[in-house]
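Scroll down for the structure; my scribbles are underneath it.
As the structure is a computational prediction, the values presented were derived from the model and not from experiment. Along the sequence shown, residues are numbered consecutively beginning with 1. When a ligand or atom number is given, it counts from 1 through the structure's own listing order.
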Amino acid sequence: MGRASELARALSAGDLIILPTETVYGLAADAASPAAVAQLYEAKGRPRFNPLISHVGDLDAALGIADLDDRARVLANAFWPGPLTIVAPYRMGGGVCDLARAGLNTVAVRVPAHPLARQVLKAFGGPIVAPSANRSGRPSPTTFADAMAETGAFTAAALDGGPCPVGLESTVVALLDGPPRLLRPGAVTRAVMEALIGPLAEAEADAKRSPGRLTRHYAPSAPVRLAAGAPAPGEAYLAFGPAPEGPHVFNLSPSRDLAEAATRLFTYLRAADALAPRAIAVAPIPEEGLGEAINDRLRRAAGFVG
Ligand code: TXA
Ligand code: MG
């Protein structure tokens with residue numbers, strides 16, 4: 001608990017910290033402090049209209065900041081602690097500052113499963129905002145070294161939790177008026193949620209219709225070429241399934257295991273990018289289960305979705 005209380009003290013002092021979670025590393029701040037949250041947006045280079053996720057220790061704490069309807073509670077009971085973020089009406093006075101919510105009357109809340117994140121939440125006692133610890137528009141860090149290289153310089157303290165076991169950001173689902181909407185696919189898959197609460201509206205239908213929101217996200221420096229059967233000369237290659245080995249080949253999963261591919265995706269995008277290739281070619285990934293989340297991140301890396 002020693003390190004956890006040290007990190008909690010840094011948060012109370014208005015400082016930023018690097019916080020491991022089961023999905024990706026977070027750059028964390030006290031959700032109640034506009035000054036700390038402003039510093040966080042600054043460190044990430046993140047536009048202030050993009051709201052943050054509030055992390056809390058348990059369902060009770062979530063109910064202190066968000067009005068969770070029956071559907072939200074079913075999902076919370078099934079998947080918390082874990083890689084699911086619920087967007088719900090904000091409960092006024094809940095202690096998440098306006099800036100953290102980008103001025104919206106909704107809030108994104110999640111209960112992380114990583115033991116170190118849980119210790120820090122317990123020691124701190126209030127909601128902690130934590131976007132992925134990358135600089136805005138770059139791949140999320142899934143190792144301590146990558147997190148430190150991205151935003152470590154802006155922090156007062158950091159915790160090494162080892163490689164993140166999930167490797168992709170949490171699933172984000174909105175439970176507001178009307179049907180549930182899948183805002184970001186993730187480790188909690190569409191199918192398991194639909195089995196519990198019925199059909200989810202199309203992911204990011206609004207963003208796809210609005211060209212103003214088409215930006216390159218999660219992006220390495222090299223261009224990304226999707227659904228590539230093999231690399232062209234000068235390209236690095238992210239393989240999936242049996243493939244020839246080589247210095248420029250990174251196999252996401254020789255056995256075609258989507259969970260394994262998810263844990264490796266961002267690390268391999270970074271490693272491939274470090275070779276300064278002409279492009280990063282990526283093998284086709286099936287659009288089923290976790291494949292929906294992996295393909296979502298790949299399409300963003302390639303610049304197809306905002
Ligand atoms: O796995 C994760 O969720 C990681 C770890 C650190 O917990 N965090 C993370 O945060 O991925 P970030 O900030 O990179 O992504 C938060 C996503 C963004 O797409 C943001 O637009 C959305 O959640 N979001 C946050 N609040 C929202 C709200 N009130 N309404 C709609 N979307 C919201
Ligand atoms: Mg992010």
(message) Side chains of Ser140 and Glu169: any donor to acceptor distance under 3.5 Å?
(response) yes

(message) Distance under 4.0 Å to a non-hydrogen atom of Ala108: what atoms of ligand 1 satisfy this?
(response) 25 (C), 26 (N), 27 (C)

(message) Suppose I only count heavy atoms of Leu104 and a 4.0 Å limit; which atoms of ligand 1 are within that range?
(response) 29 (N)

(request) Step through the shown structure and confirm whether more than 12 heavy atoms of other residues, nucleotides or ligands are within 6.0 Å of CD on Glu194. (result) yes

(request) Report yes if the side chains of Leu258 and Ile285 come closer than 4.5 Å at any heavy-atom pair, otherwise no. (result) yes

(message) Within the 4.5 Å heavy-atom criterion, are Asn134 and Lys44 side-chain neighbours or not?
(response) yes

(message) Quick test of your reading of the model: are Arg256 and Glu288 salt-bridged, counting only N-O distances below 4.0 Å?
(response) no

(message) Is Ser132 close enough to the Mg ion (ligand 2) that one of its N, O or S atoms comes in under 2.8 Å?
(response) yes

(request) From atom 5 (C) of ligand 1, work out which of Thr23, Ile53, Val96 has a heavy atom at the shortest distance. (result) Thr23

(request) Using a 4.0 Å heavy-atom cut-off, say whether Arg181 meets ligand 1 through its side chain, its backbone, both or neither. (result) neither

(request) Taking the side chain as every heavy atom from C-beta outward, state whether Tyr25 and Thr151 have any atom pair closer than 4.5 Å. (result) no

(message) Judged on heavy-atom distance to atom 11 (O) of ligand 1, which of Glu22, Arg184, Arg110, His114 sits nearest?
(response) Arg184

(request) Specify the protein heavy atom at minimum distance from atom 33 (C) of ligand 1: its residue, its atom name, and the distance to 0.1 Å. (result) Pro51 CG, 3.7 Å

(message) Starting from atom 29 (N) of ligand 1, what is the nearest protein heavy atom, named by residue and atom, and what distance separates them?
(response) Thr106 OG1, 2.9 Å

(message) Using a 6.0 Å cut-off, check whether atom CG of Asp177 has over 12 heavy atoms from anything other than its own residue.
(response) no

(message) For atom 8 (N) of ligand 1, what's the nearest protein heavy-atom neighbour? Residue, atom name and distance, please.
(response) Ala130 O, 3.3 Å

(message) Taking 4.0 angstrom as the limit and counting only heavy atoms of Asn50, give me the atoms of ligand 1 inside it, by number and element.
(response) 18 (C), 20 (C), 21 (O)

(request) For atom 10 (O) of ligand 1, find the nearest protein heavy atom and state the residue, atom name and distance (0.1 Å precision). (result) Pro131 CA, 3.3 Å

(request) Check the pair Arg3 / Glu6 against salt bridge (Lys or Arg N to Asp or Glu O under 4.0 Å), numbers first and verdict last. (result) CA-CA 5 Å; Arg3 290 298 332 265; Glu6 186 190 320; 3.2 Å; yes

(message) Quick test: of every protein heavy atom, which one is nearest to atom 9 (C) of ligand 1, and how far off is it to 0.1 Å?
(response) Ser132 N, 3.6 Å

(message) If the cut-off is 4.0 Å to any non-hydrogen atom of His55, which atoms of ligand 1 fall inside it?
(response) 5 (C), 7 (O)

(request) Check Leu183 against ligand 1 and report side chain, backbone, both or neither, counting heavy atoms closer than 4.0 Å. (result) side chain

(message) With a 3.5 Å distance limit and no angle check, can you tell me whether Arg48 reaches the backbone of Tyr41 through a side-chain donor-acceptor pair?
(response) no

(message) Checking a contact table here: which protein heavy atom is nearest atom 30 (N) of ligand 1, and how many Å away?
(response) Val87 CG1, 3.5 Å

(request) Indicate, as side chain, backbone, both or neither, the part of Arg101 found under 4.0 angstrom from ligand 1 when only non-hydrogen atoms are considered. (result) neither

(request) Run the numbers for me: atoms of ligand 1, each under 4.0 Å from some heavy atom of Arg46, listed by number. (result) 12 (P), 13 (O), 14 (O)

(request) Report the residues that fulfil side chain to side chain donor-acceptor pair (under 3.5 Å) with Asp146, sequence neighbours left out, ordered by chain and then residue number. (result) Thr143

(message) Test side-chain hydrogen bond (donor to acceptor under 3.5 Å, both in side chains) on Thr171 and Arg190; report intermediate values, then the result.
(response) CA-CA 9 Å; Thr171 304; Arg190 172 192 289 277; over 6 Å; no

(request) Using a strict cut-off of 4.0 Å, indicate which atoms of ligand 1 neighbour a heavy atom of Ser170. (result) 1 (O), 2 (C), 3 (O)

